[in-house]
2 protein chains.
Amino acid sequence: MRGVNIRNLEEFSRLIRYYILISSTEAGSGHPTSSLSATDLMCALLFGHSSSDERVSSAAGGFFRYDLDNPDYPNNDRLIFSKGHASPLFYSLWAAAGKVSPEELLTFRKFGSPLEGHPTPAFPFTEAATGSLGQGLSIGVGMALNAKYVDKLPYRTYVLLGDSEMAEGSVWEAMQIAAHYGLDNLIGILDVNRLGQRGETMYGHDVAAYEKRISSFGWKTYVIDGHSFLEILDAYEKAVGEESNAPRMIIAKTIKGKGVSFIENQDGWHGKVLSKEELQKALGELGAIDKGVRGEIKKPPPEILPPIRANEGIDFETVGTVSSAADKLFDYAKGKPVATRKAYGNALVRIFPKYPNMVVLDAEVSNSTFSETFKKAYPDRFFEMYIAEQNMVGAALGFSRRGKIPFVSTFAAFFTRAFDQIRMSQYSNANPSTALGAGIKFCGSHAGVSIGEDGASQMGLEDLAMFRTILGSAVLYPSDAVSAEKLVEGAVAYKGIVYIRTTRKDTPILYELTEAFPIGGSKVLHQSPNDAATVVAAGITLHEALAAYEELKKEGIMVRVIDLYSVKPIDVETLQKAARETRTIITVEDHFAEGGIGEAVTSALAGSRIVVHSLAVRKMPKSGKPEELLDYEEISREAIVQRLKNIRKDEFVRVG
Amino acid sequence: MRGVNIRNLEEFSRLIRYYILISSTEAGSGHPTSSLSATDLMCALLFGHSSSDERVSSAAGGFFRYDLDNPDYPNNDRLIFSKGHASPLFYSLWAAAGKVSPEELLTFRKFGSPLEGHPTPAFPFTEAATGSLGQGLSIGVGMALNAKYVDKLPYRTYVLLGDSEMAEGSVWEAMQIAAHYGLDNLIGILDVNRLGQRGETMYGHDVAAYEKRISSFGWKTYVIDGHSFLEILDAYEKAVGEESNAPRMIIAKTIKGKGVSFIENQDGWHGKVLSKEELQKALGELGAIDKGVRGEIKKPPPEILPPIRANEGIDFETVGTVSSAADKLFDYAKGKPVATRKAYGNALVRIFPKYPNMVVLDAEVSNSTFSETFKKAYPDRFFEMYIAEQNMVGAALGFSRRGKIPFVSTFAAFFTRAFDQIRMSQYSNANPSTALGAGIKFCGSHAGVSIGEDGASQMGLEDLAMFRTILGSAVLYPSDAVSAEKLVEGAVAYKGIVYIRTTRKDTPILYELTEAFPIGGSKVLHQSPNDAATVVAAGITLHEALAAYEELKKEGIMVRVIDLYSVKPIDVETLQKAARETRTIITVEDHFAEGGIGEAVTSALAGSRIVVHSLAVRKMPKSGKPEELLDYEEISREAIVQRLKNIRKDEFVRVG
């Protein structure tokens, strides 16, 4: 009976190879050889239980279980192509399952087609956008954590990995964490086809080298011939059946270009498609193909339970309608010094009952970011991700794609470590399946030179620039604990990626609890009919601006002071009004000059013929007291006063 | 005799512990407990050979060899504190060697002191700035590669690692590459003190867990008690003596806070200093300390050869005086389509004889970035770093700090992977030891949506924003092969970090070979007395701007066209002149709207009351033909023409 099944699979895999070849040649670009090496592995995963295979469709269940008509079904198994360039295979699998027509397959890589060059959620069976290598296993970790610890669902997460991407450290971050959390529901499939883009990988076909490393990281490993259905099916059976807390990795020796003799195991065929002539030759080699047959994918068995919410008592009706002002958890007296990072932690605890889909992740600094406040209150929804920011962000994306709202925190500076994962997460259009919000919510603490003595390595000075580049992102920078609380609440409801920048130091409370902080707004803290200029600041420098205001007032000089708590989207209207009325704008930020508040404001005023003076970090930062560093970088109260006086002198000279 | 030595070391380590405690308490912040765990390991490394120790100072040589009076001496061993927060230990070691006075030690973390919170090259014995965890081993890889393959020097590179940072994937990237290149001159020392910042690490005191993983990656491992000088000295002796091609890792079980009973192995003592009272108690525990004694560090033995240059035939006199125009390697006819990425590879080959300190690194895409052109010409100076961008940048920093000029290439998008390493490299003030240049030279290919069918994951759309944030960086964006060649040459001579953005597509040659492209300049390609606006572009969009010019000209509308090949530093003067004369500026860039050309130009004109219209990537990018995507994102010739017409209509309406 096994023989029958395998013969069927062998036949069926030819159809998939056919699809790979015709779609990539039609596109004129793409990665057919990287697809062909993994074809048998994936064919067996999805269709290995096909109804003619009595053995595999027995009580043991099929391998990949998925309701084809309902990609959002919570109990579906998940399949992530970490080697996203094998997209021809990915789309061909779903074509073989009858969900993509042969005509649609020929739109591969064409403008407007959901079949993009690398998979994105424009295609409904894509779990998350991939294509930047080494990220898929982290996404899988997030989905597997969700299944095991949050939704408590029996779905399995499969991740197809390439051998080249095993050089990426993020893969090993995911390996460590997956074993640490005992993710027995996570199954990696490593396609060792020996060849990278420009030649052989570090280990070539030495599958033992991978086996040694991966098993040393606490994974169950299965080394197989990736073109023997016998071995492949055996490996899946063991991988899904084995009693162990360990995540599992099938390490398969494969041939790049398998099935087309003249490109098999050849250098120079990465990311290259067959010409029309070569295609004919290749199809001749494939032989007769039954183009009418479609594979069947097993549905998740009905006895599997629907997702269990951690907070079953919560009234979902009230979600999104929180009246923060009335919330009793607030306890911030005006003037009281409270760090915004502390308010971040408080806010997470306060809003969780209203947003039960929240999960909180931190990279081993929860006692600095104050996400530990949440951890103490809701330990089941907190995930310690250790000092591995890339995997943390990838895992957050996995959570997000399973309907959770992840809050992710570390020092602002260390999010630079995960910029590629942050960038990629925007292409996953995260969280379309929930009305509660969309996109990962990032919180970076210890922003700017004002952290003081720890020195430059710990100072987030490029975080605003980084997060501003993300499409549709909100970049928020509270100056006091009240606005921090309100902005965390704004973040959870915002449909997109959010970055919240918090400050290490205590800063005095500026606002009443009744104050609202809509994303995209700003606060005018001082204004008069005689304002000589407007000072725009946020976070730590807002307090410098307020001090400068007092100092200038003593000398009879009035300035407008704006709290730009929403750096993106930016309150163009208020800024333009201030520009019209005061004619001079000074921005002050504890961030490098490029891409931060100065440029955001300058851009917002780009049409209004107004002078913007940007005070920002422009000298090599160093250790010292916060006040010394603010002075040194010329972003302190004194620097603001001085700059304003210089501007007035210049104008006087010009007018004179 | 060993006993004598060990007793001396035990005594001497008390002096170091004394320094750690007094300097951190005086500073009021810092990481004494993380320093105390590694004290014995470092004390033995630097002073283990002390003259009373006949055994170790025998023919086998001492462990750490360093000319204290000449930190730049090429044969010095290198010591990198990857766990940079153990800076109190780092400075105390050099104090114990007599190179930092006790008074200076008390300036630790104070404004203006070279003894910063985390080590930077402000302190002459710092090899590279650390403090963002998980980066030191990569820097060590660069220094060890340099010793083994470039300078062919026998110096050894030692890297002190913390156990927390082993969660960072970049460490495992470095592990793989170090073994791959047989870096037997690289010795890691892993301080397994069990405790991270907020609690226990993933493996706690399970040193076997580290041993299993590290040895599986092809390293020689030595598991020891990190407080037994007997075991420590034995381990160093084996690590330096063993005949093997493998890099070596000493895995030491240690106690955080070792030596001060009431903080030993305690949670809650990370990054926390003793109060004055606690300090007195701790010093009481340390007992009598001979504050007058100083340790001796062995000099590199005289028979060690000075650095060997790979290009001994090169006339060093001519370095930096290249006349590119006269160079015969140029072969670019005007109008000929040549990709700028191709010119990048050509330029590397052309200039190498003049800049023999160059090394070239690539992350497994050399056939796309065209660094393979260099690899073919000078294989000994090319280092394949596989798909591990973080380690590549860290290693480049290591090379740079050993006097090399590293050129580092991958897809523009994938440099986001290494933003933390890029950011940190600016704090190492790279390459002060050579007059040839300073800082890593980065080249990102495949920038923008114009790469086409591969889709968003492969498109560099935030690279300009990222590299613009780097202090003192140059951000260059050539539009044709001639300017690309010239800008590579400009990059090598530039004293700082440089980013060169290249384009996938062939673009026609615009410039004569005689044209010069100074960094900070720009080119006015079209101008007239009647220009209705100025279009500022670079790279692929410059060609769109030129096409728009022709189209508008047909309609009798003249526009100025500026090639902004130097995005940073920016040619303020030319932009201001254009702004004054044409009153309207349109920027066009194949990059997200934030932090790129639009904001750079807007900032440059911030004082001049001029309207800047920014055309940039503002919609979710996708797969398609380059032209389709330029149109879709409204950065094509048609978009420029349309925008200009709209502006004129608006102005007409306003005037009307």
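Note on naming: letters A, B, ... go to the chains in the order of the sequence lines (proteins, then strands), and numbering restarts at 1 for each one. Values below: all heavy atoms of this structure, side chains included; hydrogens, waters and symmetry mates excluded.
- Heavy-atom distances place no part of A:Met175 under 4.5 Å from chain B, backbone and side chain included.
- The distance from the CD atom of B:Glu168 to the CD atom of A:Gln176 is 9.5 Å, given to the nearest 0.5 Å.
- Looking at B:Glu628 and A:Lys110, no side-chain N of the basic residue comes within less than 4.0 Å of a carboxylate O on the acidic one, giving no salt bridge.
- Stacking of B:Arg213 on the aromatic ring of A:Phe217 is recorded, both the 6.0 Å distance cut-off and the 45° axial limit being met.
- Contact annotation: the side chain of A:Tyr427 approaches that of B:Pro621 to within less than 4.5 Å [non-hydrogen atoms, C-beta and beyond].
- Partners of B:Tyr632 by side-chain contact (heavy atoms from CB on, under 4.5 Å), not counting sequence neighbours, listed by chain and number: A:Phe111, B:Lys619, B:Lys622.
- The heavy-atom pair separating A:Tyr386 from B:Thr201 by the smallest distance is CE2-C, 4.0 Å.
- Using a 4.0 Å cut-off between charged nitrogen and carboxylate oxygen, B:Arg198 and A:Glu364 count as a salt-bridge pair.
- Summarising the geometry, atom CG belonging to A:Asp420 is positioned 12.5 Å from atom CZ belonging to B:Phe419; distances are rounded to the nearest 0.5 Å.
- Distance CD1/A:Ile610 to CD1/B:Ile610: 12.0 Å, rounded to 0.5 Å.
- Nearest approach of A:Ser457 to B:Ser132, heavy atoms of both residues: CB-N, 4.1 Å.
- Note: A:Ser170 OG to B:Gln390 CD = 7.5 Å, rounded to the nearest 0.5 Å.
- At a 4.5 Å heavy-atom cutoff, the contact between A:Leu471 and chain B is made by side-chain atoms alone.
- Between B:Asp454 and A:Arg109 there is a salt bridge, with a side-chain nitrogen of the basic residue lying less than 4.0 Å from a carboxylate oxygen of the acidic one.
- In terms of the side-chain contact (heavy atoms from CB on, under 4.5 Å) criterion, residue partners of B:Thr410 (sequence neighbours excluded) are, by chain and number, B:Ala363, B:Val365, B:Glu389, B:Met392, B:Phe414, B:Phe415.
- Minimum heavy-atom separation, A:Glu599 to B:Gly595: OE1-CA, 4.2 Å.
- Between B:Glu462 and A:Arg468 there is no salt bridge, since no side-chain nitrogen of the basic residue lies less than 4.0 Å from a carboxylate oxygen of the acidic one.
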